Amino acid sequence: MADRTRDRLLELYQTLLAAYGPQGWWPGEGPFEVVVGAVLTQATSWRNVEQALVNLKAAGTLSPEAMANLPPDELAALIRPAGFFRQKARRLAELVAWIERSGGLSSVLRLPTAELRASLLAVPGIGPETADSILLYAAGRPVFVVDAYTRRILTRLGLLPHEHAPYPEVTRLFTDHLPPDPGLYGEYHALLVRHGKERCRKRPRCPGCPVAAQCPFPSGSTCTLDPDPR
DNA sequence: GTCCGGTCCA
DNA sequence: TGGACTGGAC
């Protein structure tokens, strides 16, 4: 049976990969650094997250055990460059407490995918995108991470009805039509982020866009304003 | 001034 | 649904 969506998704992936090259996600060493980075990068550019990670490393607190024993205000001070630092310090503390309660990170990362996802979502401050980032990049599970870039790009390409499509619907677009390959999903998501910040911005930079041939509204022709009927 | 690799709460 | 959370880069 012909799967047009699959063909379009694979074509998009190949185009992005050819244009930008492998993105090398997730940067950093070890699953705990991925977990921490996933929280720190919430609504925050990675550049700012990096300094926070440097601070945590320098303080020797980039392990669940060390972080669990860190006073909240000290943790907040270390992650200050990542923004939302009081809130994120609380979120990291909650997350680390859950990890320690659950027998440590390696035990946690061995939980079945559905169970791990549910447990992560039950931690205050962990939403679907953060949970899925951890599932994919720290635990190596074939889940597709959906963010604002993903929604915007797919909507403009006509693969989604509108930018506010529910999270599970967007995830399914990928998992229903592509093989469950964590390597593919990880690279694909990273490429969408790259394309979203470099080209397919709110105000898109269409001239010279590598995806123009696959896009219904290339160049300032029309439709730079999304109609977006809720 | 605007934008970030979101999430929670009223 | 709209703010609040917060700092740094462009």
Side-chain angles (χ1 to χ4, degrees), chain A residues 13 16-17 20-28 31 33-56 72-98 117-139 141 143-155 162-168 170-171 174 182 184-205 224-226 228-230:
Chain A
Y13 176 73
L16 294 175
L17 185 60
Y20 301 115
Q23 299 301 295
W25 277 30
W26 192 282
E33 190 170 338
V34 175
V35 168
V36 173
V39 172
L40 293 180
T41 197
Q42 291 172 349
T44 301
S45 63
W46 186 256
R47 185 188 301 257
N48 294 341
V49 173
E50 280 175 333
Q51 185 56 50
L53 288 172
V54 165
N55 292 349
L56 289 171
D73 52 321
E74 288 184 33
L75 179 54
L78 291 171
I79 65 172
R80 176 174 257 269
F84 300 148
F85 56 91
R86 275 185 285 268
Q87 190 184 73
K88 285 175 181 175
R90 260 179 264 127
R91 292 177 179 184
L92 285 175
E94 295 270 13
L95 187 53
V96 164
W98 167 70
R117 187 168 201 274
S119 302
L120 284 168
L121 289 175
V123 176
I126 308 294
E129 186 182 335
T130 306
D132 285 344
S133 295
I134 292 170
L135 284 165
L136 177 60
Y137 293 106
R141 310 303 170 84
V143 303
F144 204 96
V145 179
V146 172
D147 65 354
Y149 294 129
T150 310
R151 291 190 150 87
R152 186 160 74 214
I153 294 167
L154 292 187
T155 302
H162 58 269
E163 287 205 48
H164 299 282
Y167 190 99
V170 187
T171 303
F174 292 91
L184 171 65
Y185 291 1
E187 191 61 54
Y188 207 152
H189 172 68
L191 285 165
L192 287 171
V193 171
R194 173 77 182 273
H195 184 59
K197 40 182 171 194
E198 201 160 306
R199 278 271 171 212
C200 207
R201 305 171 158 207
K202 273 209 166 129
R203 183 66 64 88
R205 303 184 168 181
T224 45
L225 303 183
D226 308 334
D228 184 21
R230 199 64 30 121

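Note on naming: letters A, B, ... go to the chains in the order of the sequence lines (proteins, then strands), and numbering restarts at 1 for each one. Since we're looking at a predicted model, the values are computed, not measured.
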For this session: Report the C-alpha separation of A:Y167 and A:R151 in whole Å, then their side-chain angles, then the decisive distance to 0.1 Å, and conclude whether the side chain to side chain contact (heavy atoms under 4.5 Å, CB included) test is met.
Result: CA-CA 9 Å; A:Y167 190 99; A:R151 291 190 150 87; 4.0 Å; yes

OP1 or OP2 of [N] sitting under 4.0 Å from any side-chain N/O of [X]?
| X | N | value |
| --- | --- | --- |
| A:R86 | C:dT6 | yes |
| A:R80 | C:dG7 | yes |
| A:R201 | B:dC4 | no |
| A:T44 | B:dG6 | no |

Exercise. Between the base of C:dG7 and the side chain of A:Q51, is there any donor-acceptor pair under 3.5 Å?
Worked result: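 Checked by distance alone, the answer is no.
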
For this session: Could you work out the separation of C:dA4 and B:dG1 based on their P atoms and round it to a whole Å?
Result: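 That atom pair is separated by 16 Å.
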
Problem set entry | B:dA10 to C:dT6 separation - P atoms, rounded to the nearest Å |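 After rounding to an integer number of Å, I get 16 Å for this pair.
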
Given atom [atom1] of [X] and atom [atom2] of [N], what is their separation to the nearest angstrom?
| X | N | atom1 | atom2 | result |
| --- | --- | --- | --- | --- |
| A:L92 | B:dT7 | CG | P | 14 Å |
| A:D147 | B:dT7 | CG | P | 10 Å |
| A:R199 | B:dC3 | CZ | P | 19 Å |
| A:R91 | B:dG6 | CZ | P | 11 Å |
| A:E50 | C:dA9 | CD | C1' | 13 Å |
| A:Q42 | C:dC5 | CD | C1' | 11 Å |
| A:E129 | B:dT7 | CD | C1' | 10 Å |
| A:L120 | B:dT7 | CG | C1' | 14 Å |

Tell me which nucleotide among [options] gets nearest to the side chain of [X].
| X | options | result |
| --- | --- | --- |
| A:Q87 | C:dT6, C:dC10, B:dC4 | C:dT6 |
| A:F84 | B:dC4, C:dC5, C:dG8 | C:dC5 |
| A:R90 | C:dG8, C:dT6, B:dG6 | C:dT6 |
| A:N48 | C:dC10, C:dG7, B:dC8 | C:dG7 |
| A:R152 | B:dC8, B:dC4, C:dT6 | B:dC4 |
| A:P128 | C:dG8, C:dC5, B:dT7 | B:dT7 |
| A:K202 | C:dT6, B:dC3, B:dT7 | B:dC3 |

For this session: Determine whether the side chains of A:S45 and A:K197 contain a donor N or O and an acceptor N or O closer than 3.5 Å.
Result: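 No, no side-chain donor-acceptor contact under 3.5 Å.
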
Exercise. When you match A:A38 and A:L121 each to their closest nucleotide on DNA chain B, which lands nearer the 5' end?
Worked result: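 Per heavy-atom nearest nucleotide, the more 5' residue is A:A38.
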
Exercise. In terms of the nearest nucleotide of DNA chain B, which residue is placed more toward the 5' end: A:V123 or A:P27?
Worked result: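 The 5'-side residue here is A:P27.
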
Exercise. Checking side chain to side chain contact (heavy atoms under 4.5 Å, CB included) for the pair A:L120/A:L95: CA distance, chi angles, key distance, verdict?
Worked result: CA-CA 8 Å; A:L120 284 168; A:L95 187 53; 4.1 Å; yes

For this session: Quick one: do A:L154 and A:F174 satisfy side chain to side chain contact (heavy atoms under 4.5 Å, CB included)? Show the steps, please.
Result: CA-CA 11 Å; A:L154 292 187; A:F174 292 91; 3.5 Å; yes

For this session: Determine which nucleotide pairs with C:dA4, using a 3.5 Å limit on both distances of a Watson-Crick or G-U wobble pair.
Result: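 Here C:dA4 is engaged in a pair, and the nucleotide opposite it is B:dT7.
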
For this session: Using a heavy-atom cut-off of under 4.0 Å over every strand shown, decide if A:I126 touches base, sugar-phosphate, or nothing.
Result: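 The residue A:I126 makes sugar-phosphate contact but no base contact.
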
For this session: Check every strand shown and say whether A:K197 touches a base, only sugar-phosphate, or nothing at a heavy-atom separation below 4.0 Å.
Result: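 Base contact - A:K197 has a heavy atom under 4.0 Å of at least one base atom.
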
For this session: Compare every heavy atom of A:V193 with every heavy atom of A:W25, then report the nearest pair and how far apart it is.
Result: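 A:W25 and A:V193 have their closest heavy atoms at CH2-CG2, 3.7 Å.
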
Exercise. Any idea which heavy atoms bring A:E187 and A:G24 closest together, and the distance?
Worked result: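 What the structure gives for the nearest pair is OE1-N, 4.2 Å.
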
Exercise. When A:D132 is tested against each of A:V145, A:V146, A:D147 for side-chain contact (heavy atoms from CB on, under 4.5 Å), which residue passes?
Worked result: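 Going through A:V145, A:V146, A:D147 one by one, the side-chain contact (heavy atoms from CB on, under 4.5 Å) with A:D132 is satisfied by A:V145 alone.
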
